[in-house]
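First the structure, in the form of structure tokens, and then the observations on it.
What's counted below: heavy atoms across the whole structure, side chains too, no hydrogens, waters or symmetry copies. Each chain gets a letter, A, B and so on, in the order the sequences are listed, and its residues count up from 1.
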There are 2 protein chains.
Amino acid sequence: MMDRSCPGTVEPIMEILDSKWMLLLLFELFNGTRRFGELRRKLHPISPKTLTDRLRLLEEKGIVTRTLYPGVPLHVEYELTECGLGLQPIFAAMWTWTQEYGGHLRKDADERQEAKG
Amino acid sequence: MMDRSCPGTVEPIMEILDSKWMLLLLFELFNGTRRFGELRRKLHPISPKTLTDRLRLLEEKGIVTRTLYPGVPLHVEYELTECGLGLQPIFAAMWTWTQEYGGHLRKDADERQEAKG
DNA sequence: CTGTATCCCGTCCGATACTG
DNA sequence: CAGTATCGGACGGGATACAG
């Protein structure tokens, strides 16, 4: 499974996850159905354009459903599909990794130490 | 675990994975120690600047080690640390997701159908 | 062989104003 | 309320030449 074919298997997922706000957006949706304005407030200061872009992408990929409730005022709900909920084990694996190796992520700690000499 | 703290737990990993070439680079290293030129050939047409950037980042994060073998010609080897090898379950989870839900990722299939419609 | 230094371009994203 | 349209800036990454 860790062979040459794996990058091709993994890349489509990365195309979803690696854009700005996408993680926060997904986690928000993991916790239940959300409306557009609700997401906008929670992800503040995301721009409406960007939020729409993200939601449309997730829709395209079959990860969320968009439900329109006609009437005034307009009312739209976004909800994860089974496919979207299925992403959770991936985040669980990331969470586990951080617990295990998170201490290694010092990054600038080293640089500061070097500066001090 | 899927609560509000999780994005913060996951983001540091995404900072590593979400840059161009990083997936291919990691998979190459999963298969063993590699030299700079070797990576450059395998990831062709990556630019040397970008390859260096990626390797430096991985080094900073403690995910790879860089070993210099002095002499002419110069010889450098990159190898995953235990921490780097620990990333594999994450990719395994992604792989599983694609097996399970990969069929949902049609994206442009829908667009084409719409065009025909 | 293993990088670094420069320059440049495309893309992503934010800000803002506007519409059904 | 839930978006769309438009513009512009920042930044990631490519090409290329050069250095240790």
### Task
Rounded to the nearest angstrom, tell me the gap between atom CD1 in B/Ile46 and atom P in D/dG14.
7 Å
### Query
Between B/Thr52 and C/dG3, is there a side-chain N or O to OP1/OP2 distance below 4.0 Å?
no
#### Entry: Gap between atoms CZ and P, on B/Arg34 and C/dC1 respectively (whole Å)
17 Å
### Summary
Rounded to whole Å, CD of B/Glu77 lies from P of C/dC1 at a distance of 15 Å
### Query
Would A/Met22 and A/Glu15 count as a side-chain contact (heavy atoms from CB on, under 4.5 Å) if you check the C-alpha gap in whole Å, the side-chain angles of each, and the deciding distance to 0.1 Å?
CA-CA 10 Å; A/Met22 196 54 104; A/Glu15 284 174 22; over 6 Å; no
### Query
Around atom CD of A/Glu82, are there more than 12 heavy atoms of other residues, nucleotides or ligands at under 6.0 Å?
no
### Task
Could you tell me the separation between the CG atom of B/Leu43 and the P atom of C/dT2, rounded to a whole number of Å?
14 Å
### Query
Does D/dG14 have OP1 or OP2 sitting under 4.0 Å from an N or O in the side chain of B/Lys20?
yes
### Query
Between C/dT2 and B/Arg66, is there an OP1 or OP2 to side-chain N/O distance shorter than 4.0 Å?
no
#### Entry: B/Thr98 side chain vs B/Met94 backbone, donor-acceptor pair below 3.5 Å
yes
### Message
Let's see if you can work this out: which of D/dG3, D/dG13, C/dC13 has an atom nearest to the side-chain heavy atoms of A/Trp21?
### Response
C/dC13
### Task
Would you check if the side chain of A/Arg54 reaches a backbone N or O of A/Lys20 as a donor-acceptor pair within less than 3.5 Å?
yes
### Task
Using a 4.0 Å heavy-atom cut-off across all strands, classify B/Tyr78 as base, sugar-phosphate, or nothing.
sugar-phosphate
### Message
Rounding to an integer number of Å, can you tell me how far A/Asp18 CG sits from D/dG12 C1'?
### Response
12 Å
Under-3.5 Å N/O pairs linking protein and nucleotides 16-20 of chain C:
none

### Message
Would you call the rings of A/Phe27 and A/Phe91 parallel, tilted or perpendicular, taking 30° and 60° as the class edges?
### Response
tilted
### Query
Rounding to a whole Å, what distance do you find between B/Leu51:CG and D/dA15:P?
14 Å
### Task
Can you measure from OG1 (B/Thr81) to CD (B/Glu59) and round to the nearest 0.5 angstrom?
11.0 Å
### 5′-ward residue of the pair B/Ser19/A/Phe36 relative to DNA chain D
A/Phe36
### Summary
Atom CG of B/Asp53 and atom C1' of D/dG14 are separated, to the nearest Å, by 12 Å
### Message
If I take atom CG in residue A/Leu55 and atom P in nucleotide D/dA2, what distance separates them, rounded to the nearest angstrom?
### Response
11 Å
### Query
So, does B/Trp97 use its side chain to make a donor-acceptor pair with the main chain of A/Cys83 at under 3.5 Å?
yes
### Task
Look at the side-chain N and O atoms of A/Arg35 and state whether any lies under 4.0 Å from the OP1 or OP2 oxygen of D/dC1.
no
#### Entry: Closest to the B/Val76 side chain, choosing from C/dT2, D/dG3, D/dG14
C/dT2
